[in-house]
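These notes are about the structure you will find just below.
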Amino acid sequence: MIQSDLDLFGSQPQSLASQVMLLPGFALPEVEVLLDALRPVLRAAPFRHMQTPGGLHMAVALSNCGSLGWVSDARGYRYSPLDPLSGKPWPALPEVLLTLAARAASQAGFEGFVPDACLVNHYLPGTRLSLHQDRNEQDFSQPIVSISLGLPAVFLLGGMQRSDRPQHVPLSHGDVMVWGGEDRLRFHGVLPIKPGKHERMGERRINLTLRKAG
DNA sequence: TAGTACCC
DNA sequence: CACG
């Protein structure tokens with residue numbers, strides 16, 4: 001199958017659950033602009049491995065932009081206006097990300113999405129993210145918008161209980177996923193990234209997760 | 001507890 | 001901090 005067939009085939013939104021939409025390749029037109037916007041963000045707030053409340057460290061390296069950033073340490077998970085590494089506010093959320101997230105949310109049925117936080121997660125081959133819920137935000141009626149870049153991944157879309165068997169959702173460079181409503185608190189995670197090299201991104205996956213945290 | 005280790 |  002040639003690439004144009006894949007693009008056409010994959011370009012239709014896919015409903016993964018009642019309030020979970022996969023928008024294949026949705027971010028592709030913006031990718032270069034998006035990466036340009038990300039560069040200064042990561043200069044100001046480099047990727048780092050945060051500590052879990054149990055004292056261990058996360059396999060994923062992360063950064064943030066926006067007025068709030070997700071942090072984890074011995075005291076627990078929370079959002080903070082300051083980067084604990086620099087002591088300064090997180091870099092501003094780039095306009096291209098704000099508009100892309102709003103467009104994606106709108107396409108999935110969530111109008112007026114104005115995120116104030118963007119987690120930037122960095123995965124090397126072998127990196128995984130175990131099942132968890134996003135529950136540190138103030139308003140669970142606001143959706144989550146997730147943008148995949150680089151190496152492909154298998155997203156685990158679980159249920160409301162950790163023990164619910166997750167759907168395995170393949171995610172590729174440029175895919176955008178939106179979830180909210182009754183699915184907002186679903187457990188989710190990422191299987192270990194398979195070794196490989198993405199033509200544009202190299203041996204890494206970067207995931208941008210936009211939320212309204214405050 | 002967004003983690004690991006694995007029966008104590 | 002029991003246990004998929």
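Lettering of chains follows the sequences in order, A, B, ..., and the numbering in each one begins at 1.
Counting all heavy atoms, side chain and backbone alike, A:Glu137 lies closest to A:Lys212 at CB-O, 3.8 Å.
Heavy atoms of A:Asp164 sit nowhere under 4.0 angstrom from any nucleic acid atom. Among the atoms of the strands shown, only primed sugar atoms or phosphate atoms (P, OP1, OP2) are found under 4.0 Å from some heavy atom of A:Thr52. Among the heavy atoms of the strands lying under 4.0 Å from A:Asp134 is at least one base atom, whether or not backbone atoms are also near.
Rounded to the nearest Å, the gap between the C1' atom of B:dT4 and that of B:dC8 is 16 Å.
Scored by the salt bridge (Lys or Arg N to Asp or Glu O under 4.0 Å) test, A:Asp164 finds no partners at all (sequence neighbours excluded).
Rounded to whole angstrom, the span from the CE atom of A:Met58 across to the P atom of B:dT4 amounts to 10 Å. If you take CG of A:Leu129 and P of B:dT4, they are 10 Å apart, rounded to a whole angstrom. Distance CZ (A:Arg162) to P (C:dG4): 14 Å, rounded to an integer number of Å. What separates CG of A:Leu131 from P of C:dG4 is a distance of 16 Å, to the nearest Å.
Applying the under-4.5 Å side-chain rule to Ile, Leu, Val, Met, Phe, Trp and Tyr, the cluster around A:Leu191 extends to A:Leu131, A:Val154, A:Leu156, A:Phe187.
Side-chain contact check for A:Trp90 versus A:Leu68: every heavy-atom pair is 4.5 Å or farther apart.
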